[in-house]
Peer 1: 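One structure, as structure tokens, below. Some questions next.
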Amino acid sequence: DTRRCPLRRQTAGEKDQALVSLPISREKTELHSDVAEEKDQALMAPPTTHTPRKFHRTLWKQNLSHNAFHVMKTEFADVLFPSRKTSEHTAVIVGVEYGADVLDLALLDFAVIGFEPNLEFCNSTLNSVAKSFTDEKKSPKIKIVPAGLAAHSGTIDITYQGRKTKAKIVKLDDEVQQHVDLMSLDTQQNHYDMLLGAKKTIMNFGIDVLWIEIVACDHFNDDLLQLLSEDYELLDFVWWGSPLQKPFDSTSSWEDMMLSSQNYVTPEPPTSIFEYPAEMCKTKEMGYNFLQTDIIAVKRSLFTSNLLHALEEISDECRDDTRRCPLRRQTAGEKDQALVSLPISREKTELHSDVAEEKDQALMAPPTTHTPRKFHRTLWKQNLSHNAFHVMKTEFADVLFPSRKTSEHTAVIVGVEYGADVLDLALLDFAVIGFEPNLEFCNSTLNSVAKSFTDEKKSPKIKIVPAGLAAHSGTIDITYQGRKTKAKIVKLDDEVQQHVDLMSLDTQQNHYDMLLGAKKTIMNFGIDVLWIEIVACDHFNDDLLQLLSEDYELLDFVWWGSPLQKPFDSTSSWEDMMLSSQNYVTPEPPTSIFEYPAEMCKTKEMGYNFLQTDIIAVKRSLFTSNLLHALEEISDECRDDTRRCPL
């Protein structure tokens, strides 16, 4: 039946003709393996002096701490931006609070854009600016945006000093369309989410330097450091916090908090970004109520020998003022005593370099047969397309979950729409939790469930949550069929506290953001299999594939879309869309996850109005030879029905 699986019935000659007519040439696709191999070799190269996987210890070795940095920001601005007095520089401050950083940078001739969701702080800052700049000739360039930053726009609930209120959130990409010299993130949370909303600004205009506060045991510290290390050199400070044996309280003075050696973790932490977050969290849990530091991220192209030399001597600015750099005045004896009292032993810290070296060797090892950096071509080689998958989901469920009839399995469906997947999986004995921000779809699905399950003895376990998924909770604006409305968004972590066997993401956007909000569920309970629709040229496809490839094996389908030379329109029937060979990209795409998103986007821009596929991600521990064998034969379920497997 070529209505559903048109390319399955093509002869070799017809298929070759289809290949010739597509926007990717055979010669070009033959380069994929070479490109992927070169990329793997580059990844396996020995680390250079300024490896993006390491922290520079330039500031740490000067005994500069989190607190020293906070009272020395003007000195750091002098070193990092020596040319600012001769050309305009822009700083973005996220977490304005009482406006100290805004004022300091404005006085240093920066044009400042501040983001602050707390309106009291916004008003306080504007009042401070008015008092500080009374000279009309020196009018500062300051703009305060009464909103927080996030990966998307909307509203969230915030609590400050016991008061709960609604706050606006925006994406930096929507507010700033220019080059940013300095961006400071000092909100103690959600910094990774904020950078996701700044991705276009970073890519199209550039952000040269970032100052970011790091709080121990934040679940996104790993992701944040790996994201930054792709393009930035990283420097850190001595960790500082509130020790369990002498915690800060209402009677603690700022001087006590700054000067006590017990508040600092002076044994050197690991330089490897892979070891750093876990070690910081472990140290906090062993002996601190809280623990934090700051990092400075400098664009790799700007990290010159002159800058490094200037940073190597910046502690000279402290002179002998122990209120600014308390660790600078410790004698050798005092410092040794401080080391003994801290929860990390000398012997333990000496292991860091060995651990980091082992980790680097592991990263540089030749890829195995099932390397997490590659797609398996098991489904693609069976000519199964995006559309074939959508009409074969029950067969895939049979293969992926053969034991579901003997034990309860849970499926999470994100993007319920008219409820087809919810009903299909409920009929296959899954307990189903659906997320859908469009209330009309929610009602439609519940009506369909009522009609399909008339037998009281077979009552389905179905729960529909009238909300979308995201990295945090709140509300967003959505548009459907020309109508704009407010919709609720929630984190999966807040809604599901159990093991999930299958999670389907089919909303054509924001899938990466949704997985960030599911991180605790993945870590604490587990999600075994994900079905995810991929749309060409989504800016987060790289991040999504790299995130998934850490713990999952990936399989993809033949790409499908609307060609420029024969686009879909209101007169196109589903049969036309399914059957035309021009709608499929049959030359094999690259298997490397690093090449895949760029190649898909390039293909779309060369010849398609839109282009998409689906991927199946299977937890690596569950990806057995039996499962792979079953997937290698799944197209046999299509038999000769070309409505289901046209290729």
Peer 1: Which distance, rounded to the nearest 0.5 Å, do you find between the CD1 of I273 and the CG of D222?
Peer 2: 8.5 Å

Peer 1: Parallel, tilted or perpendicular: which fits the ring planes of F396 and F389, with parallel below 30° and perpendicular above 60°?
Peer 2: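 Taking F389 first and then F396, their aromatic rings stand perpendicular (interplane angle over 60°).
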
Peer 1: Give me the atom names and distance for the closest heavy-atom approach of G561 to P563.
Peer 2: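 Nearest heavy atoms, G561 then P563: O-CD, 3.5 Å.
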
Peer 1: Minimum heavy-atom separation for D501 to F401, with atom names?
Peer 2: O-CZ, 3.3 Å

Peer 1: For the pair K393 and D421, find out whether any cationic side-chain nitrogen is under 4.0 Å from an anionic carboxylate oxygen.
Peer 2: yes

Peer 1: Side chains of N510 and H152: any donor to acceptor distance under 3.5 Å?
Peer 2: no

Peer 1: Looking only at heavy atoms, which two atoms of K171 and G197 are closest? And how far apart?
Peer 2: CB-O, 3.7 Å

Peer 1: Answer with yes or no whether the side chains of T521 and D493 bring together a donor and an acceptor at under 3.5 Å.
Peer 2: yes

Peer 1: Please list, chain by chain and in numerical order, all residues satisfying side chain to side chain donor-acceptor pair (under 3.5 Å) with N609, sequence neighbours excluded.
Peer 2: S562

Peer 1: K519 and F220: side-chain contact (heavy atoms from CB on, under 4.5 Å), yes or no, with the steps?
Peer 2: CA-CA 9 Å; K519 196 157 187 181; F220 296 113; 3.7 Å; yes

Peer 1: Do L400 and L627 have side-chain heavy atoms sitting under 4.5 Å apart?
Peer 2: yes

Peer 1: Check whether any side-chain heavy atom of L548 lies under 4.5 Å from a side-chain heavy atom of I615, and answer yes or no.
Peer 2: yes

Peer 1: Under 4.5 Å between any side-chain heavy atoms of F435 and M514, yes or no?
Peer 2: no

Peer 1: Dump the intermediate steps for side-chain contact (heavy atoms from CB on, under 4.5 Å) on H409 and D429, then the final yes or no.
Peer 2: CA-CA 8 Å; H409 283 55; D429 300 310; over 6 Å; no

Peer 1: Please confirm whether the backbone N or O of E533 pairs with a side-chain atom of H511, one donor and one acceptor, at under 3.5 Å?
Peer 2: yes

Peer 1: In terms of side-chain geometry, is the basic nitrogen of E632 or K381 positioned less than 4.0 Å from the acidic oxygen of its partner?
Peer 2: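 No, no charged N to carboxylate O under 4.0 Å.
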
Peer 1: Checking salt bridge (charged side-chain N to carboxylate O under 4.0 Å, His left out) for the pair K374/E553: CA distance, chi angles, key distance, verdict?
Peer 2: CA-CA 8 Å; K374 303 280 187 184; E553 297 292 330; over 6 Å; no

Peer 1: Just verifying a value: how many Å separate L505 CG and L515 CG, rounded to the nearest 0.5 Å?
Peer 2: 5.5 Å

Peer 1: For C281, check disulfide (SG to SG under 2.5 Å) against everything at least two apart and list the hits.
Peer 2: C217

Peer 1: State, yes or no, whether a side-chain contact exists between D528 and V500 at a heavy-atom distance under 4.5 Å.
Peer 2: no

Peer 1: Flag the pair W559 / Y596 as yes when their ring centroid distance falls below 6.0 Å, and as no otherwise.
Peer 2: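 Under 6.0 Å, so yes.
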
Peer 1: Hey, does the side chain of Q382 reach the backbone of L631 with a donor-acceptor pair shorter than 3.5 angstrom?
Peer 2: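 Indeed, once roles are kept as given, a pair shorter than 3.5 Å links the two residues.
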
Peer 1: Answer whether the closest heavy-atom distance between the side chains of L172 and I202 falls below 4.5 Å.
Peer 2: no

Peer 1: Any side-chain heavy-atom pair from V558 and V585 closer than 4.5 angstrom?
Peer 2: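 When only atoms from C-beta onward are counted, V585 and V558 do not touch, as no gap falls below 4.5 Å.
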
Peer 1: Given 3.5 Å as the limit, does a donor-acceptor pair link the side chain of R377 with the main chain of P589, or not?
Peer 2: yes

Peer 1: Kindly determine whether F430 and E408 satisfy side-chain contact (heavy atoms from CB on, under 4.5 Å), including the steps that lead there.
Peer 2: CA-CA 7 Å; F430 281 87; E408 183 170 295; over 6 Å; no

Peer 1: For a 4.5 angstrom cut-off between non-hydrogen side-chain atoms, does K488 reach P466?
Peer 2: no

Peer 1: Decide side-chain contact (heavy atoms from CB on, under 4.5 Å) for D551 and K619; before the verdict, give the C-alpha distance in whole Å, the side-chain angles of both, and the deciding distance to 0.1 Å.
Peer 2: CA-CA 6 Å; D551 298 302; K619 197 79 175 173; 3.9 Å; yes

Peer 1: For the CE atom of M503 and the CD1 atom of I413, what is their distance to the nearest 0.5 Å?
Peer 2: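 Reported value, rounded in 0.5 Å steps: 9.5 Å.
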
Peer 1: Within the 4.5 Å heavy-atom criterion, are V414 and S504 side-chain neighbours or not?
Peer 2: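 V414 does not reach S504 side chain to side chain.
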
Peer 1: For T613 and D556, test the side chains for any donor-to-acceptor distance below 3.5 angstrom and give the result as yes or no.
Peer 2: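 There is no such pair (donor and acceptor under 3.5 Å, judged by atom type) between the side chains of T613 and D556.
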
Peer 1: Which heavy-atom pair separates D218 from Q189 by the least distance, and what is that distance?
Peer 2: OD2-CA, 4.1 Å

Peer 1: If you round to the nearest 0.5 Å, how far is CG of L428 from CG of L423?
Peer 2: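 Going from the CG atom of L423 to the CG atom of L428 covers 11.0 Å.
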
Peer 1: Look at atom NZ of K200 and say whether more than 12 heavy atoms of other residues, nucleotides or ligands are closer to it than 6.0 Å.
Peer 2: no

Peer 1: Please check if any side-chain donor atom of S625 sits under 3.5 Å from a side-chain acceptor atom of H629, or the reverse.
Peer 2: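 Side-chain D/A pair, S625 to H629: absent.
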
Peer 1: For this output row, return yes or no: ring centroids of F525 and H499 closer than 6.0 angstrom.
Peer 2: no

Peer 1: Are any side-chain N or O atoms of Q612 and backbone N or O atoms of V535, one a donor and one an acceptor, separated by less than 3.5 Å?
Peer 2: no

Peer 1: Determine, using ring centers only, whether Y552 and F623 are less than 6.0 Å apart.
Peer 2: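 Judged by ring-centre distance (under 6.0 Å), F623 and Y552 do not meet the cut-off.
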
Peer 1: Considering non-hydrogen atoms only, spot the tightest contact between D614 and F557 and give its length.
Peer 2: O-CD1, 3.1 Å

Peer 1: Name the residue from L530, L379, L554 that meets the side-chain contact (heavy atoms from CB on, under 4.5 Å) definition with I616.
Peer 2: L379

Peer 1: Find the distance between CD1 (I169) and CD1 (I476) and round it off to the nearest 0.5 Å.
Peer 2: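 Output value for this atom pair is 9.0 Å.
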
Peer 1: To check you understand the geometry: which heavy-atom pair defines the closest contact between T507 and G415, and what is its length?
Peer 2: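 Nearest heavy atoms, T507 then G415: CG2-CA, 3.9 Å.
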
Peer 1: Whether R620 and E550 form a salt bridge (side-chain N of Lys/Arg under 4.0 Å from carboxylate O of Asp/Glu) is what I want to check.
Peer 2: no

Peer 1: About how many Å separate CD1 of I433 and CD1 of I464, when rounded to the nearest 0.5 Å?
Peer 2: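 Nearest 0.5 Å value for the CD1-CD1 distance: 9.5 Å.
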
